[in-house]
Number of protein chains: 2
Amino acid sequence: MSNTREYTAAVIVIGNEILSGRTQDTNTNYIASSLSDRGIRLMEARVIPDVKDTIIETVNTLRAQYDYVFTTGGIGPTHDDITAECIARAFDVELKVNDDAFRILEEYYGIEELTQARVKMAYIPVGAKLIANPVSAAPGFQMENVYVFAGVPRIMQAMMNNVVDDLRGGDPMLNASVACSLPESVMAEDVGKLQGDYDGKIEIGSYPHFRAGVLGLSIVLRSTDKETLEKATAELIVLIEGRGEVPLVSYSYN
Amino acid sequence: MSNTREYTAAVIVIGNEILSGRTQDTNTNYIASSLSDRGIRLMEARVIPDVKDTIIETVNTLRAQYDYVFTTGGIGPTHDDITAECIARAFDVELKVNDDAFRILEEYYGIEELTQARVKMAYIPVGAKLIANPVSAAPGFQMENVYVFAGVPRIMQAMMNNVVDDLRGGDPMLNASVACSLPESVMAEDVGKLQGDYDGKIEIGSYPHFRAGVLGLSIVLRSTDKETLEKATAELIVLIEGRGEVPLVSYSYN
């Protein structure tokens, strides 16, 4: 049942608040993890400002290049929420009140409270499919291979969860994480040689980190093939033990 | 003393571990905040994989477009640390052992412990200026308008702190943050009108958020001019009070 085709994706984070440093983006990480689990490879992420031409150009560049594009941010009721309009222009379709979106908002707010600002959130590019928002009603949408999500993490996560099972992916990426307290430079040659031995079959990354003020090292092996992954990981364990350490190993198969 | 020229920057986060979802990037946020304080506008951030051609192309695209480019990640001792080589190729200069970098590493590790993997971290593009690493010795470097930092946040932050005062910036961006518990859609028309009144002078962003499970709203006004910022903020406060709420206001002038 091996699926050799690789599926790719890009994330576009739309929002001045990320670029000003006011807000720490966490949406990219959530989407990245969900995609890894699904066997889809996130190839790049871009954070861009609330500028129409930039949004349109970035969407059109990336949707031509990857299987999936996910945008976050800019679909609320205010003047700086311009994503839906930009997606319509990127696809050269009209932006119109979507009947289903209107009904969802009407039900949530009540018809008397359905102000002009709220109706704005019912304007969806013609041809798009709505993505439910279980938190605050106003939907996201899918236009061909572009998925348009809210920016508020709780809403964004719910929207991602609503679509992820329907995405076509390849074999999911399996991980082994091997942690030790050796300096990265001590392991570098061994790990480089191991990568050479398994080139094209396993990707090995080496990540130093501080925990409680102590420099440690995680070596991460990634592969779609469980047997190869476990074989390479066993070899790495022997190499670390050869340097006098017993590593902590964890596999993540989702 | 107003400086009308706008200074711009881009961040390039280099690392498969961010794209796989394993690691949450926090470096972009740190750089973004430092640049805001310095009066430099972060225009975009890209997360890209450990792929040579992608790194070279992204660096060359962005360094031509912005005043400053900051890269994070990929300058360690292992096989997946390819940033220095890519920067050399992007600038079409040689990658050679830098005498100063070599001495720094020699002093830190001692000559007997200066393995081949560690010497790799002394290979710096010819013409680059070193950026000190007070945490683990191996330096970053500056090549024209491109600043090459480590990926480990503690090291990256130290490197940014080492260079930020020497960056030429414009007038620093001042912020007012006005928080209330009104729904975003209730404030949308008022805020849109206020943005219209101050177009080109103030940027207003509207950010709903969850705190302790409650949906709240922050409206952020940004300007380089203190007087205009305070005037617009006062008007916004009146608008919110008109809706029966007393907002929380904080200014950030750094």
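We name chains A, B, ... by the order of the sequence lines, and we start the count at 1 in each one. Since this is a predicted model, take the numbers as computed values, not measurements.
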* To do: Step through the shown structure and confirm whether more than 12 heavy atoms of other residues, nucleotides or ligands are within 6.0 Å of CD on B:Q65.
  => yes

* Measure across B:L19 and A:E44 and return the closest heavy-atom pair with its distance rounded to 0.1 Å. => CD2-CA, 3.8 Å

* Closest-packed option against chain A by number of heavy-atom pairs under 4.5 Å, given B:V51, B:T26, B:L35 -> B:T26

* Please report the closest heavy-atom contact between B:E203 and A:N16, naming both atoms and the distance. => OE1-ND2, 4.1 Å

* Asked: Between B:V191, B:T115, B:I48, B:I31, which has the largest tally of heavy atom pairs under 4.5 Å with chain A?
  -> B:V191

* Structure fact -> If one checks every heavy atom of B:V11 against chain A at 4.5 Å, the contacting part turns out to be neither

* Compare all side-chain heavy atoms of A:D81 with those of B:E184 and state whether any distance is below 4.5 angstrom. => yes

* Structure fact -> Under 4.5 Å to a heavy atom of chain B? For A:Y30 that would be neither

* Asked: Where is the tightest heavy-atom contact between B:T23 and A:N29, given as atom of each residue plus distance?
  -> O-ND2, 3.3 Å

* Report the option among B:A45, B:A32, B:S33, B:A150 that has the most heavy-atom pairs separated by less than 4.5 Å from atoms of chain A. => B:A45

* More than 12 non-hydrogen atoms from neighbouring residues, nucleotides or ligands closer than 6.0 Å to OH on A:Y123, yes or no? -> no

* If we only count heavy atoms from C-beta on, is the B:V220 to A:E17 side-chain gap below 4.5 Å? -> no

* Structure fact -> dist B:S185:OG -> A:Q116:CD (nearest 0.5 Å) comes out at 12.5 Å

* Nearest heavy-atom neighbours spanning A:P77 and B:A188 -> O-CB, 3.4 Å

* Side-chain heavy-atom pair A:R118, B:V186 within 4.5 angstrom cut-off -> yes

* Asked: So, the side chain of A:D80 versus the backbone of B:S206: is there a donor-acceptor pair under 3.5 Å, distance only?
  -> yes

* Which heavy-atom pair separates A:E189 from B:A117 by the least distance, and what is that distance? -> OE2-N, 3.5 Å

* Could you tell me the separation between the CZ atom of A:R46 and the OG1 atom of B:T58, rounded to the nearest 0.5 Å? => 7.5 Å

* Asked: Can you tell me if A:H79 uses its side chain to pair, donor with acceptor, with the backbone of B:I204 under 3.5 Å?
  -> yes

* To do: Calculate, to the nearest 0.5 Å, the distance between atoms OG1 and CG belonging to B:T78 and A:L217 respectively.
  => 8.5 Å

* **Interatomic distance, A:T28 atom OG1 to B:I18 atom CD1 [nearest 0.5 angstrom]** => 10.0 Å

* With a 4.5 Å limit on heavy-atom distance, are the side chains of A:F210 and B:P153 in contact? -> no

* To do: Among B:Q195, B:K120, B:E113, B:R154, single out the residue with the greatest number of heavy-atom pairs under 4.5 Å to chain A.
  => B:R154

* **Min side-chain heavy-atom separation B:R22-A:R222 under 4.5 Å** => no

* Within-4.5 Å side-chain heavy-atom neighbours: B:M43 and A:V47 -> no

* Would you say A:S20 and B:L42 make side-chain contact, with heavy atoms under 4.5 Å? -> no

